[in-house]
Amino acid sequence: MIELLRSDKEILFFAYENKNVISAVLERKENRESLILGFVLCDKKYRGCGITKKLMSELYISAKKMGLKYMTPGADEKAIGFYEKCRYKNDK
């Protein structure tokens, strides 16, 4: 099951099974047009199942509905490959 929690400055998507969070994606608004990816996590047992990728997809849809145009990764370089799989493009 996927849930969304949203405040004025943050968006949290998370997936859970049997009342346990198995994956989560947290972003915060940087300004009127952009988000900074805060953290992305997934329980090791569920990696490779597409759950976190689905959460990222839901995030993109939500951000677009909010009128946001850009997303900036806030994670270390090791996560960039995953973000690229989820449609993020680094313009640097």
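No experiment lies behind these values; they were computed from the predicted model shown.
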Checklist entry - Atom CZ in Phe14, atom SG in Cys42: separation rounded to 0.5 Å? => result 14.5 Å

Checklist entry - Is any side-chain heavy atom of Thr52 less than 4.5 Å from a side-chain heavy atom of Val40? => result yes

Item to check | Verify same cluster id: Ile36, Tyr70 (apolar side-chain graph, 4.5 Å) | outcome: no

Item to check | Separation between CG of Leu55 and OG of Ser23, rounded to the nearest 0.5 Å | outcome: 4.5 Å

Next on the checklist: Give me each pair satisfying salt bridge (Lys or Arg N to Asp or Glu O under 4.0 Å) with a member in residues 38-61, each pair once, sequence neighbours excluded.
Outcome noted: Lys54-Glu58

Checklist entry - Side chain of Ser62, backbone of Ile11: donor and acceptor closer than 3.5 Å? => result no

Next on the checklist: Give me each pair satisfying side chain to side chain donor-acceptor pair (under 3.5 Å) with a member in residues 12-21, each pair once, sequence neighbours excluded.
Outcome noted: Glu3-Tyr16, Glu17-Tyr46

Checklist entry - How about Leu35 and Leu59: do any of their side-chain heavy atoms sit closer than 4.5 Å? => result yes

Checklist entry - Where do Ile51 and Ile22 land on the side chain to side chain contact (heavy atoms under 4.5 Å, CB included) test, with the steps shown first? => result CA-CA 9 Å; Ile51 297 167; Ile22 58 175; 3.7 Å; yes

Next on the checklist: Quick test of your reading: applying salt bridge (Lys or Arg N to Asp or Glu O under 4.0 Å), list the pairs with at least one residue in residues 21-32, sequence neighbours left out, ordered by first then second residue.
Outcome noted: none

Next on the checklist: Any non-hydrogen side-chain atom of Leu37 less than 4.5 Å from a side-chain atom of Met56?
Outcome noted: yes

